[in-house]
Structures are given as C-alpha cells and as structure tokens.
S.K.: 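Pasting a structure here, questions to come.
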Amino acid sequence: MGSQSDWVTMKHAATVLTDLGVPFETRIVSAHRTPQRLYDYATSAKERGIKVIIAGAGGAAHLPGMAAAMTTLPVLGVPVESHALKGQDSLLSIVQMPGGVPVGTLAIGRAGAINAGLLAASILSLSDARLDAALTAWRAKATDAVALVPVDEPV
C-alpha cells in the first residue's frame with residue numbers, strides 16, 4: 001500500500017488471504033515518497049517467491065502501475081477512497097494504464113480489497129488444489145449466508 005492510512009482498506013484483502021490460508025506480506029511502498037523502496041520491492045518480488053502483487057493506493061495512485069512496469073507478475077490494483085474525489089481519482093489513475101503494462105483494477109475501497117484477495121487466491125488456486133478447495137468452500141459459505149426471504153431488522 002502507498003501509505004499507512006491505506007491499511008484501513010487493504011486489511012480486508014489481508015483478512016481474505018488469511019481466511020484462505022494464503023501466505024502474504026504487507027508493506028508500505030509509496031511510489032512518490034519511497035521510489036527506491038518501490039523499485040527494490042517490485043524488481044525482487046519474483047525471485048523472492050511472490051506470485052501476485054496486490055497494490056492499493058489513493059489519490060494519484062501510481063503504485064500499482066509503477067509496480068506492474070517493473071515486474072511480469074500479475075498486479076491487482078485497489079483504488080483507495082480519497083477525500084477529495086471519493087476514490088474516483090484513484091480508480092482512474094489505476095485503470096488507465098497504457099497498453100502493454102496491465103493492472104487488474106478492482107472496485108474502490110473495501111469491496112475492491114476483498115475482491116483483490118479473492119482474485120489473487122483464484123489465480124494461485126490454478127496450481128494449488130488445497131487453495132482451490134478453500135476458495136470453493138469460502139464461496140459456498142458466502143452463498144449460504146444469503147437469506148432466502150427478507151426479515152425486518154431492529155431499528
């Protein structure tokens with residue numbers, strides 16, 4: 001993530017990955033304030049065994065695109081909701097990558113972070129039967145949690 005404040009959003013991806021038993025690491029890597037850290041992280045990720053990068057950023061949101069420019073690993077971008085434009089600036093900064101440098105862009109905020117965790121798990125499950133089973137069970141549990149009929153909730 002680009003800053004400590006992004007953790008409020010990105011922790012939802014971490015929760016999904018934890019629930020599915022996917023090992024991961026969390027780092028604060030700012031494209032603007034720590035460019036050398038970004039370079040070192042992105043260029044060494046594959047050799048360190050990283051398979052997918054989830055990058056969350058707000059505002060100008062250059063972190064996912066810059067990471068994608070430095071590795072051939074899949075990069076999933078989560079637009080973090082910004083104060084000024086409610087994350088629309090983040091979304092457009094991440095989704096408008098030039099041809100040849102793809103970033104899989106998710107929804108703004110919490111939903112995007114959850115789906116980034118699930119999408120990363122889906123990618124990894126292609127070569128991991130245990131993870132495929134865990135992901136299938138997670139999805140079944142989510143389906144089972146949807147009520148058939150509505151009920152009145154207390155006010």
Side-chain angles (χ1 to χ4, degrees), residues 1-31 34-58 61-81 87 90-151:
M1 65 206 79
S3 66
Q4 174 62 48
S5 62
D6 296 342
W7 181 239
V8 172
T9 297
M10 298 309 294
K11 69 181 176 184
H12 298 290
T15 298
V16 167
L17 295 171
T18 298
D19 290 349
L20 294 171
V22 176
F24 63 94
E25 61 185 26
T26 56
R27 298 289 185 271
I28 298 171
V29 180
S30 170
T34 64
Q36 187 63 50
R37 187 183 302 174
L38 169 57
Y39 176 83
D40 293 344
Y41 187 86
T43 59
S44 70
K46 189 181 281 190
E47 70 187 34
R48 293 184 306 107
I50 303 295
K51 303 281 189 232
V52 178
I53 295 174
I54 299 173
H62 291 125
L63 177 61
M66 290 301 298
M70 293 183 234
T71 183
T72 57
L73 292 173
V75 175
L76 307 178
V78 177
V80 173
E81 186 172 336
S90 311
L91 173 66
L92 293 174
S93 292
I94 297 171
V95 78
Q96 284 299 111
M97 290 299 296
V101 186
V103 172
T105 309
L106 287 298
I108 297 168
R110 180 179 183 267
I114 290 168
N115 285 341
L118 291 169
L119 186 54
S122 293
I123 293 167
L124 296 171
S125 75
L126 294 172
S127 60
D128 183 334
R130 184 217 51 87
L131 181 54
D132 184 55
L135 187 58
T136 299
W138 193 99
R139 297 279 299 262
K141 183 178 175 185
T143 297
D144 292 344
V146 178
L148 181 60
V149 296
V151 296

S.K.: Check whether any side-chain heavy atom of Trp7 lies under 4.5 Å from a side-chain heavy atom of Ile28, and answer yes or no.
M.R.: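 With C-beta onward as the side chain, the pair stays apart.
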
S.K.: Do the side chains of Ile94 and Leu106 get nearer than 4.5 Å, heavy atoms only?
M.R.: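 A side-chain contact under 4.5 Å is absent here.
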
S.K.: How long is the straight-line distance from CZ of Arg27 back to OG1 of Thr34, given to the nearest 0.5 Å?
M.R.: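 With rounding to 0.5 Å, OG1 (Thr34) is 12.5 Å from CZ (Arg27).
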
S.K.: Measure the spacing between CG of Leu131 and OG1 of Thr136 and express it to the nearest 0.5 Å.
M.R.: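 It comes to 9.0 Å.
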
S.K.: What is the distance from atom CG of Leu38 to atom NE2 of His62, rounded to the nearest 0.5 Å?
M.R.: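 Between Leu38 CG and His62 NE2, I get 11.5 Å after rounding to 0.5 Å.
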
S.K.: Does the side chain of Leu76 come within less than 4.5 Å of Val103's, by heavy atoms?
M.R.: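 Contact flag for Val103/Leu76 side chains = no.
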
S.K.: Is there a side-chain contact between Leu63 and Ser30, using heavy atoms and a 4.5 Å cut-off?
M.R.: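 Sidechains of Ser30 and Leu63: no contact.
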
S.K.: Would you give the length of the straight line joining atom CZ of Arg110 to atom CE of Met10, rounded to the nearest 0.5 angstrom?
M.R.: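 That separation rounds to 13.5 Å.
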
S.K.: Quick one: does any side-chain atom of Asp40 pair with a main-chain N or O of Arg37 as donor and acceptor, under 3.5 Å?
M.R.: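 Not at all, since once roles are kept as given, no pair shorter than 3.5 Å links the two residues.
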
S.K.: If you look at every heavy atom in Ala68 and Pro102, which pair is closest and at what distance?
M.R.: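 So the two residues come closest at CB-O, 3.5 Å.
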
S.K.: Within a 6.0 Å radius of atom CE on Met66, are there more than 12 heavy atoms belonging to other residues, nucleotides or ligands?
M.R.: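 No - once you tally the heavy atoms of other residues, nucleotides and ligands closer than 6.0 Å, there are 12 at most.
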
S.K.: Taking the side chain as every heavy atom from C-beta outward, state whether Leu73 and Val52 have any atom pair closer than 4.5 Å.
M.R.: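 A side-chain contact under 4.5 Å is absent here.
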
S.K.: Can you tell me if Lys46 and Thr72 form a side-chain donor-acceptor pair at under 3.5 Å?
M.R.: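 Short answer, yes.
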
S.K.: Apply side chain to side chain contact (heavy atoms under 4.5 Å, CB included) to Val78 and Ile54, showing your working.
M.R.: CA-CA 7 Å; Val78 177; Ile54 299 173; 4.0 Å; yes

S.K.: For Val80, does its backbone N or O pair with a side-chain atom of Ser90 as donor and acceptor, under 3.5 Å?
M.R.: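 Between the backbone of Val80 and the side chain of Ser90 there is a qualifying donor-acceptor contact (under 3.5 Å).
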
S.K.: Rounded to the nearest 0.5 Å, what's the gap from OG1 on Thr15 to CG on Leu20? Could you check?
M.R.: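 So the gap between those two atoms works out to 11.0 Å.
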
S.K.: Looking at CH2 of Trp138 and CG of Asp19, how far apart are the two atoms once the value is rounded to the nearest 0.5 Å?
M.R.: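 If I round to the nearest 0.5 Å, the distance is 8.0 Å.
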
S.K.: Give a yes or no on whether the backbone of Asp128 and the side-chain of Asp132 come within a donor-acceptor separation of less than 3.5 Å.
M.R.: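 No; zero donor-acceptor contacts below 3.5 Å.
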
S.K.: Taking only Lys NZ, Arg NE, NH1 and NH2, and the carboxylate oxygens of Asp or Glu, determine whether Arg48 and Glu25 approach each other closer than 4.0 Å.
M.R.: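 Salt bridge: yes.
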
S.K.: With the side chain counted from C-beta on, respond yes when Ile123 and Lys51 share a heavy-atom pair under 4.5 Å apart, and no when they do not.
M.R.: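 They are not in contact (no side-chain heavy atoms under 4.5 Å apart), so the answer is no.
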
S.K.: What do you reckon, is OH of Tyr39 surrounded by more than 12 foreign heavy atoms closer than 6.0 Å?
M.R.: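 Open: at most 12 neighbouring heavy atoms sit under 6.0 Å from OH of Tyr39.
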
S.K.: Is any side-chain heavy atom of Thr18 closer than 4.5 Å to one of Phe24?
M.R.: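 Yes, close enough: below the 4.5 Å cut-off.
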
